[in-house]
2 protein chains.
Amino acid sequence: MRISELSRRSGVSIPTIKYYLRDGLLPPGRATAANQADYDDSHLRRLRLIRSLIGVRGLSVSATRDVLAAVDKQRENVHLLLGLVLGILPADRGGEPEGSTQADDTSAPAGADADADVSGLSEVAALTAEMGWKTSPHTPAAQVVAETLETLRALGVDYDWRSLLPYAELADRTAALDLDQLADASDPLQQAERAVLLTVLLEPALLALRRLAQEHHSAQRYGGG
Amino acid sequence: MRISELSRRSGVSIPTIKYYLRDGLLPPGRATAANQADYDDSHLRRLRLIRSLIGVRGLSVSATRDVLAAVDKQRENVHLLLGLVLGILPADRGGEPEGSTQADDTSAPAGADADADVSGLSEVAALTAEMGWKTSPHTPAAQVVAETLETLRALGVDYDWRSLLPYAELADRTAALDLDQLADASDPLQQAERAVLLTVLLEPALLALRRLAQEHHSAQRYGGG
DNA sequence: AGGAATGGCGAGTGACACTATCCATAGTAG
DNA sequence: CTACTATGGATAGTGTCACTCGCCATTCCT
């Protein structure tokens, strides 16, 4: 099919498809002439996947490109694929610029940003040890947990890795559920895509379920406002 | 204290503080002259909270403003506060522009975006009914779950609300944990802030815990790559 | 007295995700 | 064979966001 049909069937505008082609999100079609290429169902499928990752999950275009590259590269080894993808995913916070906003902070020890990772990461190590998780530290996920812990304390909340243990327990079961669903999959590409969908695309939905449950529990405890 | 001290103690640059003041994130200091105001610890505290919501959680400036306004307004009723905050929080995906990209999609029924909410929301209703959750439909969280369900199916994954039940079960316990931690809090402002911190700020950390657990389980099942 | 700091304002910046316009060529309906 | 639309490729422009800068008339502080 040509680009106009691809656009019509995917609901993505032609300029946007061209943009994805240029940025390497979508592989080029088979060229039939200098200004003619044709696309097949794999392009359509890929385009839908792109739109889901960007539109539903909220990944940036570059993160999406990296994730898709990982899918293409490691489609036969789900473990390696997950490792790649989990390393690629952003920390789910806007994205910290590198330059330090303010360097000094001489008087107060309250600045709380400089050595957040140092002490926080050792706490995460304690948490993963307690859980029996064999995970490499320094992974983005560990950084996020460490930073959150530090931030909560800087804001005066009495929190340490032990406070997160119950959550870790629930996360463990959630992950077990996730992995269960990858067992049954036909071909490698299907399984690779499914792995990405069920780990990455499900994230907003899981947060949303937590919010629904919070709403319910809040009403239960504090009376229906 | 004056703005320079506020900046030094918070680690936020003066121009940024001015920007937050202008945008109503930070209440103005007590004016002592035409070009002089002084700030107190509440401003410092608020500024740290702002930085956490924006920097750690990744909220937009306007969402942060709304959340803070809710905290100030409903600091004595945690249920109402949570309701407000849960209604304010974005769906955690970039943020869909309103204008439809492509209207027609005549031939294929695969476009899958138009009536996503319609059938999806009834599924979410089934899910919440099964869970015994008394939540209002049409809440952003319900929309996200509905949209995710639709998207997964559009991508060929066999998924419906029943598939989410185990996750909902875990989300329910997570929310129970969350609410437990709000029981002990001294003054209303403390509790209101704590509610926001433990529900909003914890979100990235919970996803991170899931990723750590996924890494572990993946290694367990597929052998340590 | 005089240099530094302040508040308040408008304008500028860089990143991001598109979106629009060109152009030379290719398909295609008459 | 011709007029007309569509295509791929490239360059430039748009709107939003979260700051960041520069300016100015005070005001502080020494």
- Message: With a cut-off of less than 4.0 Å, is there a side-chain N or O of A:Ser13 near OP1 or OP2 of C:dC18?
- Response: no
- Message: Among D:dA25, D:dC28, C:dC18, which nucleotide has an atom closest to any side-chain atom of B:Asn35?
- Response: D:dA25
- Task: State whether the side chain of B:Gln74 and the backbone N or O of B:Leu80 hold a donor-acceptor pair below 3.5 Å, judged by distance alone.
- Result: no
- Within the structure, does a side-chain N or O atom of A:Tyr20 lie under 4.0 Å from either OP1 or OP2 of C:dT19? no
- Could you point out which residue of A:Leu206, A:Leu179, A:Leu202 forms a side-chain contact (heavy atoms from CB on, under 4.5 Å) with A:Thr174? A:Leu206
- Item | Nearest-angstrom distance from the residue atom CG of B:Leu6 to P of C:dA5 | 16 Å
- Note on the structure: Whichever of A:Pro15 and B:Ala37 has the more 5' nearest nucleotide on DNA chain C, that residue is B:Ala37
- Message: Determine whether a donor-acceptor pair (one donor, one acceptor, N or O, separation below 3.5 Å) exists between the side chain of B:Arg22 and the base of C:dG10.
- Response: yes
- N or O in side chain of B:Thr16 less than 4.0 angstrom from D:dA18 OP1/OP2: no
- Note on the structure: Checking D:dC28, D:dT7, C:dG7 against the side chain of B:Lys18 (C-beta onward), the nearest is C:dG7
- Item | Listed nucleotide nearest any side-chain atom of B:Tyr19, set C:dT6, D:dT20, C:dT25 | D:dT20
- Roughly, in whole Å, what's the span from CG in A:Asp38 to P in C:dA26? 16 Å
- Query: Within this structure, what is the NE2-to-P distance between A:His43 and D:dG8, rounded to whole angstrom?
  - Reply: 11 Å
- Note on the structure: B:Arg2 has its side chain closest, among C:dG27, D:dC19, D:dC29, to D:dC29
- CG of A:Leu21 versus C1' of C:dC18: gap in Å, rounded? 14 Å
- How long is the gap from NE2 on B:His216 to OG1 on A:Thr135, to the nearest 0.5 Å? 9.0 Å
- In whole angstrom, give the distance that lies between atom CG of B:Leu59 and atom C1' of D:dA18. 14 Å
- Message: Can you tell whether the side chains of B:Asp158 and B:Arg153 come within less than 4.0 Å, N to carboxylate O?
- Response: no
- Comparing A:Pro28 with B:Gln36, nearest DNA chain D nucleotide closer to 5' gives the residue A:Pro28
- Query: Given C:dA5, is OP1 or OP2 found less than 4.0 Å from the side-chain N or O atoms of B:Arg8?
  - Reply: no
- Task: Taking only Lys NZ, Arg NE, NH1 and NH2, and the carboxylate oxygens of Asp or Glu, determine whether A:Asp72 and A:Arg46 approach each other closer than 4.0 Å.
- Result: yes
- Interatomic distance, B:Asp23 CG vs C:dG10 P [rounded to whole Å]: 13 Å
- Task: For B:Arg65 and D:dC19, give me the distance from atom CZ to atom C1', rounded to whole Å.
- Result: 14 Å
- Item | D:dC19 OP1/OP2 closer than 4.0 Å to side-chain N/O of B:Arg51 | yes
- Item | Between C1' of D:dC21 and CD1 of B:Ile17, the distance in whole Å | 16 Å
